[in-house]
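Quick caveat: nothing in here was measured; it's all calculated off a predicted structure. A, B, ... follow the sequence lines: proteins, then strands. Residue 1 opens every chain.
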Number of protein chains: 2
Amino acid sequence: MATASVPESELSTGLLLFLPYRALESRVFAVLASAGFDDFTPAQARVLQRVGPDGTRLTELAGQAQITKQTAGFLVDQLEKAGYVTREPDPSDRRARLVCLAERARAAQPVAARVVAEVEAEWEAHLGKRRMAQLRQSLTLLREITDPYA
Amino acid sequence: MATASVPESELSTGLLLFLPYRALESRVFAVLASAGFDDFTPAQARVLQRVGPDGTRLTELAGQAQITKQTAGFLVDQLEKAGYVTREPDPSDRRARLVCLAERARAAQPVAARVVAEVEAEWEAHLGKRRMAQLRQSLTLLREITDPYA
DNA sequence: TGACTTTGATAAGAGACTCTGACTAATTTG
DNA sequence: CAAATTAGTCAGAGTCTCTTATCAAAGTCA
């Protein structure tokens, strides 16, 4: 039996996905902190990221972030105290409340968006336009079978 | 100026990377648990994953996982109690100790490897052989600029 | 060599995150 | 309407992570 040549990378696709994800998140977090948005934690940010423009229910946030309702509630409490979100009654269901973006979150958003664009530009410069586009396309396809909320 | 069409996906590349990563990790974790390897946590697993075949120093594990040495030590303590790793003196530096894989970790490895292979096969079936290969290639390239330990 | 700095690791304590279980209130269903 | 489901909260415990401080071994350099 012929000896197979060792592939250029022995890392699992999982770790290969994780490394750039973590790099991006760290960059965004660092820039936000130095821009004065240093009063929230990564866990809070991951929930905040999921709040839609018209508000999102706690259960929905918990589902998307794959944490329990209790944990989501705990994190939203803190985001609320720090002025990033408000809780409004949901007109369509009196049991529910909508978590809505507050002023401070709307101020942070463009800062975060700028960093994401910057990092993505660096990636595109390294990979080339073609490969970057293919990467996003493949990841979008992959989302169909890996994101329960796609 | 012509109005640009809305891209097919509005998700940031970061979230697109995260979703399949999380899906893979969850699958592996679930299968390991149902195979009897249910006595470690995700945080412990992320450290265990980094232990090399010849042992790895605590500081190295902490660096790769991007956690503090103290946190890494805390997690290794628990992995040691559960029988997944041992700590051996490092012959080349009497300050250091090598975290080494123990019997239980060697037993879990093939189970984990099988699930990873299974999930990657599903992804390849969805994307096609060509796109899957391109995806891994692009991610490997991206690692050059996003992994400080590449 | 001997003082100084760096590096590997640990200890103590506090804060943050997350879970399970139990509960209330509103809605949906049969 | 009664039963089951769904949205959310409360209480408590366990886990994870950090900061600060300390010790011991190794490296640096005058």
A.B. asks: Please report the distance, rounded to the nearest Å, between CG in B:Asp77 and P in D:dT17.
C.D. replies: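 It works out to 14 Å between those atoms.
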
A.B. asks: If you look at every strand shown and take non-hydrogen atoms under 4.0 Å, does B:Gln78 touch a base, only sugar-phosphate, or nothing?
C.D. replies: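 Result for B:Gln78 = sugar-phosphate.
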
A.B. asks: Looking at every strand, decide which applies to A:Asp93 at a 4.0 Å heavy-atom threshold: base, sugar-phosphate, or nothing.
C.D. replies: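 The answer is sugar-phosphate, as A:Asp93 gets under 4.0 Å only of primed atoms, P, OP1 or OP2.
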
A.B. asks: CZ/B:Arg131 to OG/B:Ser138 distance, rounded to the nearest 0.5 angstrom?
C.D. replies: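 Reported to 0.5 Å precision, the distance equals 12.5 Å.
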
A.B. asks: Of the candidate nucleotides C:dT27, D:dT17, C:dA9, which contains the atom at the shortest distance from the side chain of B:Lys69?
C.D. replies: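 Among C:dT27, D:dT17, C:dA9, the one nearest the side chain of B:Lys69 is C:dA9.
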
A.B. asks: Which nucleotide wins on minimum distance to the side chain of B:Arg87, given the candidates D:dT17, C:dT10, C:dA9?
C.D. replies: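 Output: C:dT10.
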
A.B. asks: Who are the salt bridge (charged side-chain N to carboxylate O under 4.0 Å, His left out) partners of A:Arg46, not counting sequence neighbours?
C.D. replies: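 Scan of A:Arg46 (salt bridge (charged side-chain N to carboxylate O under 4.0 Å, His left out), adjacent residues dropped) gives A:Glu25.
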
A.B. asks: Expressed in angstrom and rounded to an integer, what is the separation of B:Asp38 atom CG from D:dT15 atom C1'?
C.D. replies: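 Rounded to the whole Å, the gap is 16 Å.
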
A.B. asks: May I ask you to say what A:Arg46 touches in the nucleic acid, namely base, sugar-phosphate or nothing, with a heavy-atom cut-off under 4.0 Å?
C.D. replies: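 Here A:Arg46 touches no strand at all.
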
A.B. asks: Kindly indicate whether the side chain of A:Gln70 and the base of C:dG21 share any N or O donor-acceptor pair separated by less than 3.5 Å?
C.D. replies: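 Between C:dG21 and A:Gln70, which were checked side chain against base, a qualifying N/O pair under 3.5 Å is present.
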
A.B. asks: Starting at NZ of B:Lys81 and ending at C1' of D:dT15, how long is that distance when rounded to a whole Å?
C.D. replies: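 Atom NZ in B:Lys81 sits about 13 Å away from atom C1' in D:dT15.
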
A.B. asks: When you compare the side chain of A:Val115 with that of A:Leu32, does any pair of heavy atoms fall below 4.5 Å?
C.D. replies: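 Contact flag for A:Leu32/A:Val115 side chains = no.
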
A.B. asks: Taking CD from A:Gln66 and P from C:dC19, how many angstroms apart are they, rounded to a whole number?
C.D. replies: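 Whole-Å distance recorded here is 10 Å.
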
A.B. asks: Given B:Glu122 and B:His126, is the side-chain contact (heavy atoms from CB on, under 4.5 Å) satisfied, shown in steps?
C.D. replies: CA-CA 6 Å; B:Glu122 289 172 15; B:His126 189 70; over 6 Å; no

A.B. asks: Tell me the interatomic distance from A:Glu80, atom CD, to D:dG8, atom P, rounded to whole angstroms.
C.D. replies: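 Roughly 13 Å, once rounded to whole Å.
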
A.B. asks: If you take atom types as modelled and just measure distance, does the side chain of A:Arg95 reach the base of D:dT6 with a donor-acceptor pair under 3.5 Å?
C.D. replies: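 Between D:dT6 and A:Arg95, which were checked side chain against base, a qualifying N/O pair under 3.5 Å is present.
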
A.B. asks: Report yes if at least one side-chain N or O of B:Thr68 is closer than 4.0 Å to OP1 or OP2 of D:dT19; otherwise report no.
C.D. replies: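 So the side chain of B:Thr68 is outside the cut-off, no N or O lying under 4.0 Å from OP1 or OP2 of D:dT19.
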
A.B. asks: Between B:Tyr21 and A:Tyr21 (judged by ring centroids, cut-off 6.0 Å), do the two rings come close enough to count as a pair?
C.D. replies: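 B:Tyr21 vs A:Tyr21: aromatic centres not under 6.0 Å.
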
A.B. asks: Nearest to the side chain of A:Leu58 - C:dG8, D:dT5, D:dG8?
C.D. replies: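 Side chain of A:Leu58 sits closest to D:dG8.
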
A.B. asks: Calculate the interatomic distance between A:Phe40 atom CZ and C:dC17 atom C1'; express it in whole Å.
C.D. replies: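 My rounded result for the distance is 16 Å.
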
A.B. asks: Distance check needed: C:dT7 P versus B:Glu60 CD, whole Å only.
C.D. replies: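 Distance check: B:Glu60 CD to C:dT7 P gives 14 Å.
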
A.B. asks: Give the rounded distance in Å between these two atoms: CG of A:Leu48 and C1' of C:dC17.
C.D. replies: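 For the pair A:Leu48 CG and C:dC17 C1', the rounded distance is 17 Å.
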
A.B. asks: Quick check on D:dC16: is either OP1 or OP2 less than 4.0 Å from any side-chain nitrogen or oxygen of B:Gln44?
C.D. replies: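 Yes, B:Gln44 has a side-chain N/O under 4.0 Å of OP1/OP2 on D:dC16.
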
A.B. asks: Tell me, with the steps shown, if A:Leu24 and A:Trp123 meet side-chain contact (heavy atoms from CB on, under 4.5 Å).
C.D. replies: CA-CA 10 Å; A:Leu24 174 58; A:Trp123 291 0; 4.1 Å; yes

A.B. asks: Between C:dA9 and B:Thr59, is there an OP1 or OP2 to side-chain N/O distance shorter than 4.0 Å?
C.D. replies: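 Checking B:Thr59 against C:dA9: at least one side-chain N or O falls below 4.0 Å of OP1 or OP2.
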
A.B. asks: Checking the side chain of B:Gln134 only, and the main-chain atoms of A:Gln134 only, is there a donor and an acceptor separated by less than 3.5 Å?
C.D. replies: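 Checking the backbone N and O of A:Gln134 against the side chain of B:Gln134, no donor-acceptor pair under 3.5 Å is found.
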
A.B. asks: Check this one for me: any side-chain N or O of A:Thr71 less than 4.0 Å away from OP1 or OP2 of C:dC17?
C.D. replies: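 No, A:Thr71 has no side-chain N/O under 4.0 Å of OP1/OP2 on C:dC17.
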
A.B. asks: Check whether any side-chain N or O of B:Arg94 sits under 4.0 Å from OP1 or OP2 of D:dA26, and answer yes or no.
C.D. replies: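 Checking B:Arg94 against D:dA26: at least one side-chain N or O falls below 4.0 Å of OP1 or OP2.
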
A.B. asks: For A:Gln64 versus B:Arg22, what's the shortest heavy-atom pair and its separation?
C.D. replies: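 Shortest heavy-atom separation between A:Gln64 and B:Arg22 comes out as O-NH1, 3.2 Å.
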
A.B. asks: Just how large is the angle between the end axes of the helix from C:dT1-D:dA30 to C:dG30-D:dC1, five pairs per end, to 10 degrees?
C.D. replies: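 Comparing the axis at each end, I get an angle of 40°.
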
A.B. asks: Let me spell it out: for each of B:Ile67 and B:Ser92, pick the nucleotide of DNA chain D with the closest heavy atom. Which residue's pick is nearer the 5' end?
C.D. replies: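 On the 5' side of the pair lies B:Ile67.
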
A.B. asks: Counting only side-chain heavy atoms from C-beta out, which of D:dA7, C:dA9, D:dA25 sits nearest to B:Arg57?
C.D. replies: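 Out of D:dA7, C:dA9, D:dA25, the nucleotide with an atom closest to B:Arg57's side chain is C:dA9.
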
